[in-house]
Amino acid sequence: MTAPRVRIAPSPTGPLHIGTARTALFNYLYARHTGGTFVLRLEDTDQARGSLAYEKDILDGLHWLGLHWDEGPEVAGEAARGPYAPYRQMLRLPSYAEATERLLAVDAAYPCYCTPDELDADRKAQEAAKEPPRYSGRCAALTADERAARVADGRTAAIRFRVGSGVVAFDDIVRGRVEIDVSNLGGDFVIVRADGTPLYNFTVVVDDAAMDISVVIRGEDHLSNTPKQILLYRALEHPVPQFAHLPLILNPDRTKMSKRKSQTAVSDYIAEGFIREALVNYLALLGWATGTEEEVLSIDEIAERFDLSAVHKGGAVFDRERLEWLNGQWIRRLDPDDLVDRLRPFIEADLAAGRIDIAPTDEELRALLPVITERLPTLGAIGDLVGFLWVRDLAYDPALLVPKRWDEATAGEALRAARTVIAETGAVAFEADELEPPLRALAETRGWKVGDLFMAIRVAVTGRTATPPLFDTLVALGRERALERLDRAIAALQEGSVPR
RNA sequence: GCCCCCAUCGUCUAGAGGCCUAGGACGCCACCCUUUCAAGGUGGAGAUCAGGGGUUCGAAUCCCCUUGGGGGUACCA
């Protein structure tokens with residue numbers, strides 16, 4: 001058996017969808033596992049809905065995920081590669097025309113002059129009669145003279161494919177044997193619009209045949225298209241590829257995942273700070289499992305274990321909580337320098353949005369890593385976590401400076417005492433190990449709970465009650481700025497501006 | 001309506017006739033660790049395997065029916 005050829009064929013009618021990414025991933029995994037070829041083809045014939053911006057979003061997203069294709073079109077400065085070019089449908093128009101001629105020549109297809117109004121009326125009548133909608137076959141047996149008459153009438157023709165009769169069966173790699181009676185296909189279907197542009201069911205077959213695609217891996221929503229396509233393969237006298245229909249990714253209400261009910265754009269996940277390792281890991285485990293208890297796996301480890309026939313048949317609800325957990329797992333596994341690089345764009349974004357005033361240097365960020373990695377569910381959480389380090393003026397409710405067990409006077413006194421200790425200690429070496437013992441000693445001699453003292457200091461220097469470890473935070477802030485913030489907190493308490 | 005597909009904890013899943021009084025993970029709860037928050041560790045609640053019939057010495061696993069859910073029914077992809 002020769003190496004399989006698989007493909008992802010996105011249509012640039014919207015940003016890269018999670019579902020498309022998952023289908024691309026499974027194709028990629030199958031290709032890598034079997035030593036096959038992964039092809040990218042752009043289905044850009046829907047000129048009305050498609051756009052270049054979407055095209056870029058899709059390609060960028062695929063690249064970002066690490067789903068690099070072996071063959072594909074020229075895009076964003078990248079040259080086309082592969083022996084089956086072109087890899088975009090608008091450039092393949094002649095091949096559809098040629099295929100159409102072949103079908104017409106053997107009468108496997110015929111021109112249909114029905115107007116939209118006629119078709120509409122047919123459909124309505126069928127609906128009223130409680131019959132399943134199907135093409136009436138009005139133009140199926142027109143004589144040459146009758147056709148000529150309609151052309152003379154100025155009518156243009158769509159091309160319909162003769163569906164015939166019988167049962168189409170195929171062995172789906174994930175679903176097993178599927179059989180559909182051709183009489184349920186809705187009659188002869190249109191393959192070329194009256195304006196001459198080809199339709200999906202036709203172009204996929206012509207392209208997949210031309211590109212020698214041997215395994216078609218796609219979403220379950222295409223299952224019912226498959227018999228039509230098999231009929232087309234036969235009429236075109238091309239071997240029928242294998243099919244594998246993947247279970248759908250679902251909204252929480254178990255309907256097909258949609259923009260209306262879920263976050264579906266991959267770019268939105270990227271913008272939130274999900275990392276590719278996590279998204280790939282998560283998506284691969286939606287509808288498929290290794291059969292072992294391994295859960296956190298790299299794309300290469302997954303490719304090694306991947307088995308299309310073990311893919312589930314039932315749909316899977318997209319669970320963001322689990323994705324976040326995996327994201328945390330992967331963030332903690334990242335190499336520190338890599339993490340600094342990946343964090344950078346999020347810091348820049350915070351800066352641009354005015355959420356912070358100063359950007360840390362790589363060294364500063366790197367030093368912070370040990371205390372922030374385990375607190376980062378997403379990269380985008382960096383600002384929430386330690387943004388207080390990079391703002392000039394801290395804004396917070398002074399009431400937070402007073403721990404539950406204390407009153408304002410105690411808080412003020414504690415902060416003054418702490419300030420003195422920190423000022424003295426820091427003069428030698430401003431390090432966590434140097435700061436902690438004297439502050440603990442202070443709490444002890446005064447009979448304060450360490451937690452209370454530390455909390456007062458924490459709020460004074462960060463403006464928040466939940467932060468990374470206090471002493472690391474003080475060090476990251478620097479001696480001068482820490483003292484400055486303590487002074488401001490003390491002043492705030494003295495002004496009596498703390499509502500109880 | 002018609003056609004097709006599917007069905008194990010809330011969610012993702014293991015399970016391919018006896019190893020299952022159904023295992024893991026996320027989430028949830030408790031405890032431990034602990035200056036807060038996380039992370040980590042330990043433990044717990046949570047599924048009569050949709051229901052009913054078969055087949056079999058034996059069924060979550062095989063067959064049938066019912067129910068429920070989903071997908072498709074375009075001169076969209």
Side-chain angles (χ1 to χ4, degrees), chain A residues 9-14 43 45-46 48-50 112 114-116 119 123 126-127 129-134 156-160 172 175 178-181 183-186 189-201 203-204 219-227 245 247-248 250 252-256 282 285-296 310 312-326 328-329 332 371-377 385 403 436 439-440 443 449-459 462 464-471 473:
Chain A
S11 179
T13 51
E43 309 225 318
T45 48
D46 191 338
R49 293 193 297 154
C112 169
C114 296
T115 63
L119 262 15
R123 212 179 332 265
Q126 286 161 344
E127 211 170 296
K130 299 220 179 252
E131 283 169 22
R134 73 188 339 265
T156 52
I159 307 297
R160 280 187 191 269
D172 191 284
R175 265 144 229 284
V178 178
E179 298 185 0
I180 297 177
D181 193 308
S183 65
N184 295 315
L185 261 29
F189 58 91
V190 175
I191 56 173
V192 181
R193 294 183 183 93
D195 70 2
T197 55
L199 255 16
Y200 171 75
N201 276 128
T203 57
V204 248
E220 190 198 325
D221 44 350
H222 285 288
L223 191 59
S224 47
N225 284 326
T226 308
H245 287 92
L248 262 19
L250 274 22
D253 65 4
R254 304 203 74 91
T255 53
K256 182 163 88 167
Y282 178 71
L285 263 25
L286 257 196
W288 175 75
T290 60
T292 68
E293 283 177 6
E294 302 168 301
E295 307 251 23
V296 184
H312 275 203
K313 297 175 185 164
V317 173
F318 189 89
D319 180 5
R320 189 194 160 95
E321 303 259 28
R322 194 174 154 80
L323 171 60
E324 275 188 21
W325 170 74
L326 265 175
Q329 292 293 319
R332 275 167 242 138
V371 296
I372 62 173
T373 47
E374 67 207 39
R375 282 166 242 269
L376 238 31
L385 221 207
E436 186 166 353
L439 284 168
R440 275 188 188 281
K449 290 249 185 199
V450 273
D452 289 341
L453 206 220
F454 290 5
M455 185 53 81
I457 301 172
R458 168 177 295 112
V459 173
T462 69
R464 338 189 27 157
T465 54
T467 71
L470 180 58
F471 305 103
T473 302

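- The gap from the C1' atom of B:rU67 to that of B:rC32 amounts to 47 Å, rounded to the nearest Å.
- Summarising the base pairing, B:rC19 is matched to no nucleotide, lacking a Watson-Crick or G-U wobble pair whose two defining distances lie under 3.5 Å.
- Contacts of A:L439 with the nucleic acid, taken as non-hydrogen atoms under 4.0 Å apart, are absent.
- Nucleotide B:rU73 has B:rG1 as its partner under the Watson-Crick or G-U criteria, with both atom distances under 3.5 Å.
- A:A158 comes within 4.0 angstrom of a base, heavy atoms only.
- As judged by a 4.0 angstrom heavy-atom cut-off over every strand, A:D195 is placed among residues making no nucleic acid contact.
- B:rA45 and B:rC62 are spaced 34 Å apart, taking the C1' atom of each and rounding to whole Å.
- By the ring-ring contact (aromatic ring centres under 6.0 Å, His included) test, A:F318 is found to be paired with A:Y269, A:Y282, residues two or more places apart in sequence or in another chain being considered.
- Only the P atoms considered, B:rU61 is 12 Å distant from B:rG52, to the nearest whole Å.
- The residue A:G287 sits close only to the backbone: its heavy atoms come under 4.0 Å of sugar-phosphate atoms, none of a base.
- At the heavy-atom level, A:F189 lies nowhere under 4.0 Å from the strands shown.
- Partners of A:K313 according to the side chain to side chain contact (heavy atoms under 4.5 Å, CB included) rule, which considers only residues two or more places apart in sequence or in another chain, are A:R175.
- Using a 4.0 Å heavy-atom distance criterion, A:R458 is classed as a base contact.
- Heavy-atom nearest nucleotides on RNA chain B were determined for A:T255 and for A:R332, and the one closer to the 5' end corresponds to A:R332.
- At a threshold of 4.0 angstrom between heavy atoms, the contacts of A:A289 are confined to the sugar-phosphate backbone, with no base atom among them.
- In this structure, A:Q329 reaches the sugar-phosphate backbone alone: every heavy-atom distance under 4.0 Å involves primed, P, OP1 or OP2 atoms, never a base.
- When Watson-Crick and G-U wobble pairs are counted only if both distances are under 3.5 Å, B:rA59 pairs with no nucleotide at all.
- A:H245 comes within contact range of no nucleotide atom at all, as no heavy-atom separation falls under 4.0 Å.
- With P as the reference atom, B:rG58 and B:rG54 are 12 Å apart, rounded to whole Å.
- A:P469 comes within 4.0 angstrom of a nucleotide base, judged by non-hydrogen atoms across all strands.
- When all heavy atoms of A:R254 and A:V317 are compared, the pair lying nearest together is NH1-CG2, 3.5 Å.
- Counting non-hydrogen atoms under 4.0 angstrom, A:T465 reaches a base of the nucleic acid.
- With sequence neighbours excluded, no residue forms a side chain to side chain contact (heavy atoms under 4.5 Å, CB included) with A:S224.
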Side chain to side chain contact (heavy atoms under 4.5 Å, CB included) assessment of A:F189 paired with A:L199: CA-CA 10 Å; A:F189 58 91; A:L199 255 16; over 6 Å; no
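- Under the Watson-Crick or G-U wobble criterion, with both distances below 3.5 Å, B:rG27 has no partner in any strand shown.
- Along RNA chain B, the nucleotide nearest to A:F454 and the one nearest to A:C112 differ in position, and the one closer to the 5' end is contacted by A:F454.
- Chain A approaches RNA chain B within less than 4.0 angstrom (heavy atoms of the protein), and the contacting nucleotides run 5' to 3' from B:rG1 to B:rA77.
- Nucleotides B:rG43 and B:rG24 place their P atoms 10 Å apart, quoted to the nearest Å.
- When heavy atoms are screened at a 4.0 angstrom cut-off, A:L199 is found touching the sugar-phosphate backbone but no base atom.
- When heavy atoms are screened at a 4.0 angstrom cut-off, A:G186 is found touching no nucleic acid atom at all.
- With sequence neighbours excluded, the residues satisfying side chain to side chain contact (heavy atoms under 4.5 Å, CB included) with A:E436 are A:R440, A:F471.
- Between B:rG72 and B:rC29, the distance separating the two P atoms is 37 Å to the nearest Å.
- Counting only N and O atoms by type, the side chains of A:T197 and A:R193 include a donor and acceptor under 3.5 Å apart.
- Comparing B:rA39 with B:rA47, their C1' atoms are spaced 30 Å from each other, to the whole Å.
- A salt bridge is defined here as a Lys NZ or Arg NE, NH1 or NH2 lying under 4.0 Å from an Asp or Glu carboxylate O, and A:E324 with A:R320 meets this definition.
- As judged by a 4.0 angstrom heavy-atom cut-off over every strand, A:E293 is placed among residues touching the sugar-phosphate backbone only.
- Distance check on atom C1': B:rU34 versus B:rG46 gives 29 Å, rounded to whole Å.
- Taking the side chain to side chain contact (heavy atoms under 4.5 Å, CB included) definition, one finds that A:E321 meets it with A:D319, sequence neighbours left out.
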